[in-house]
Amino acid sequence: MIRILAGSALLLGTALPLAACGGSSGGPASGPTLGREFPKIRAAAQSAKSVRMSGHVIQNGQSISLDMAFAKPGSASGTVAEGGAGYDLIVTPGKDYVKINKSFLRASHPPAAVCARACGKYYAVPAAQASSFAGLTMASLVDGIFKHGPNASESAIELSHATFHGQPAWTGSDGTYRVYIARGGQPYLLSLTGKNGQSVTFSDWNAVTISPPPASQVITAARL
């Protein structure tokens with residue numbers, strides 16, 4: 001289950017890659033294009049210290065949603081929901097945690113007394129399982145989104161003035177996917193939307209802080 005949670009969280013970072021806005025603009029562009037701006041967009045994300053990512057995608061017919069914050073060098077926190085079950089995660093360089101709820105306990109069919117004692121607290125993931133969260137980092141997220149640059153037709157997508165949640169932005173689309181990028185200042189990726197209502201937004205660039213849960217709210221496997 002730990003591996004499933006970590007994999008689901010990272011899925012949103014790779015399910016709608018920035019280069020997914022495929023298509024052709026129909027001719028040479030005189031203004032900003034995705035290809036011209038892509039190196040700056042990628043560089044801004046690579047140099048950022050933190051970000052919040054939220055949204056949902058469809059994977060193998062299953063809806064997966066997420067609201068996660070990422071901070072360098074290796075911290076993440078937030079909620080992953082899949083198949084109607086939601087889980088709160090906190091990943092830190094020293095220890096990883098999953099908030100215990102009925103969904104978390106359901107797989108092992110524990111006595112009702114276990115939830116009464118542990119639900120609402122954070123399970124300290126044993127070291128043997130912690131490697132499942134090794135890729136749940138901002139570096140992995142950024143690499144998953146920007147690893148493959150746009151091809152020739154994607155590079156030709158023209159970007160036009162827009163706003164995103166009141167913020168000046170560039171936007172471009174091929175009719176299937178649409179991207180929003182911050183305009184004025186660092187060109188941070190703001191949003192990717194796609195078919196079937198899939199959408200991922202990026203916010204709080206360089207403004208996220210992540211801390212482990214209070215010791216009083218942590219429970220170990222032995223105490224379960």
Side-chain angles (χ1 to χ4, degrees), residues 6-23 31-57 64-80 89 91-93 133-174 176-194 198-210:
S8 296
L10 280 178
L11 173 65
L12 292 187
T14 58
L16 291 175
L18 185 56
C21 300
T33 62
L34 183 60
R36 292 172 185 167
E37 299 301 313
F38 183 83
K40 291 183 285 186
I41 299 167
R42 179 170 54 191
Q46 290 174 332
S47 63
K49 297 180 179 179
S50 62
V51 68
R52 178 175 298 278
M53 180 177 69
S54 58
H56 69 277
V57 297
I64 299 175
S65 61
L66 167 150
D67 184 5
M68 291 284 294
F70 296 85
K72 290 181 178 177
S75 297
S77 70
T79 301
V80 178
L89 313 174
V91 176
T92 70
F133 290 95
L136 197 57
T137 66
M138 185 169 178
S140 294
L141 173 71
V142 171
D143 183 65
I145 297 172
F146 295 95
K147 183 177 182 179
H148 302 289
N151 59 32
S153 61
E154 294 163 349
S155 294
I157 294 174
E158 297 184 38
L159 302 176
S160 59
H161 283 211
T163 58
F164 184 79
H165 293 176
Q167 177 179 349
W170 295 107
T171 188
S173 174
D174 69 340
T176 300
Y177 291 93
R178 177 168 292 278
V179 60
Y180 285 89
I181 301 153
R183 174 169 52 87
Q186 290 289 341
Y188 291 125
L189 177 62
L190 300 179
S191 174
L192 286 167
T193 59
Q198 298 180 97
S199 176
V200 181
T201 62
F202 301 84
S203 62
D204 298 331
W205 287 94
N206 296 312
V208 169
T209 57
I210 297 171

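Given the structure is predicted, the values throughout are model-derived calculations rather than measurements. Numbers here simply count residues along the sequence, with the first being 1.
- Taking CZ of Phe146 as the start and CG of Leu141 as the end, the distance is 8.5 Å to the nearest 0.5 Å.
- Residue Ser203 holds its OG atom at 8.5 Å from CZ of Phe164, rounded to the nearest 0.5 Å.
- Across all non-hydrogen atoms, the minimal contact from Ser173 to Ile157 is N-CG2, 3.8 Å.
- Across every non-hydrogen atom of Ala169 and Arg183, the tightest pair is O-NE, 3.0 Å.
- Scanning all heavy atoms of the two residues, the minimum distance from Val51 to Met138 falls at CG1-CE, 4.0 Å.
- Ala48 and Trp205 make their closest contact through CB-CE3, 3.5 Å (heavy atoms, listed as atom of the first residue, atom of the second, distance).
- Thr171 contributes a side-chain N or O that, together with a main-chain N or O of Val179, makes up a donor-acceptor pair within less than 3.5 Å.
- Taking all atoms of both residues into account, the shortest heavy-atom contact from Arg52 to Asp204 is NE-OD2, 3.4 Å.
- Here the straight-line distance linking atom OG1 of Thr201 with atom CG of Leu190 works out to 9.0 Å at 0.5 Å rounding.
- In this structure, Tyr180 OH and Leu192 CG are separated by 11.5 Å, a value rounded to the nearest 0.5 Å.
- The minimum heavy-atom distance linking Gln186 with Ala44 is given by the pair OE1-CB, 3.4 Å.
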Let me see the working for Trp170 and His161 under side chain to side chain contact (heavy atoms under 4.5 Å, CB included), right down to the final yes or no. CA-CA 5 Å; Trp170 295 107; His161 283 211; 3.1 Å; yes
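- Counting only distance, with no hydrogens or angles, the side chain of Thr137 and the backbone of Gly74 share no donor-acceptor pair below 3.5 Å.
- In this structure, a donor-acceptor pair under 3.5 Å is absent between the side chains of Ser75 and Thr92.
- You'll find the side chain of Ser155 stays beyond 4.5 Å of the side chain of Leu34, heavy atoms only.
- With hydrogens and angles disregarded, a donor-acceptor distance shorter than 3.5 Å links the side chain of Asn206 to the backbone of Lys49.
- For the pair Gln198 and Thr193, the minimum side-chain heavy-atom distance is 4.5 Å or more.
- Contact annotation: the side chain of Leu136 approaches that of Phe70 to within less than 4.5 Å [non-hydrogen atoms, C-beta and beyond].
- With hydrogens and angles disregarded, no donor-acceptor distance shorter than 3.5 Å links the side chain of Thr163 to the backbone of Gln167.
- Summarising the geometry, atom CE belonging to Met68 is positioned 5.0 Å from atom CG belonging to Leu89; distances are rounded to the nearest 0.5 Å.
- Residues Thr33 and Phe38 form no side-chain contact, since every pair of their non-hydrogen atoms from C-beta on lies 4.5 Å or further apart.
- Residues Ile64 and His56 fail the side-chain proximity criterion, which asks for heavy atoms closer than 4.5 Å.
- To the nearest 0.5 Å, atoms OG (Ser47) and NZ (Lys72) are separated by 6.5 Å.
- Residues passing the side chain to side chain contact (heavy atoms under 4.5 Å, CB included) test with Lys40, sequence neighbours excluded: Glu37, Pro187.
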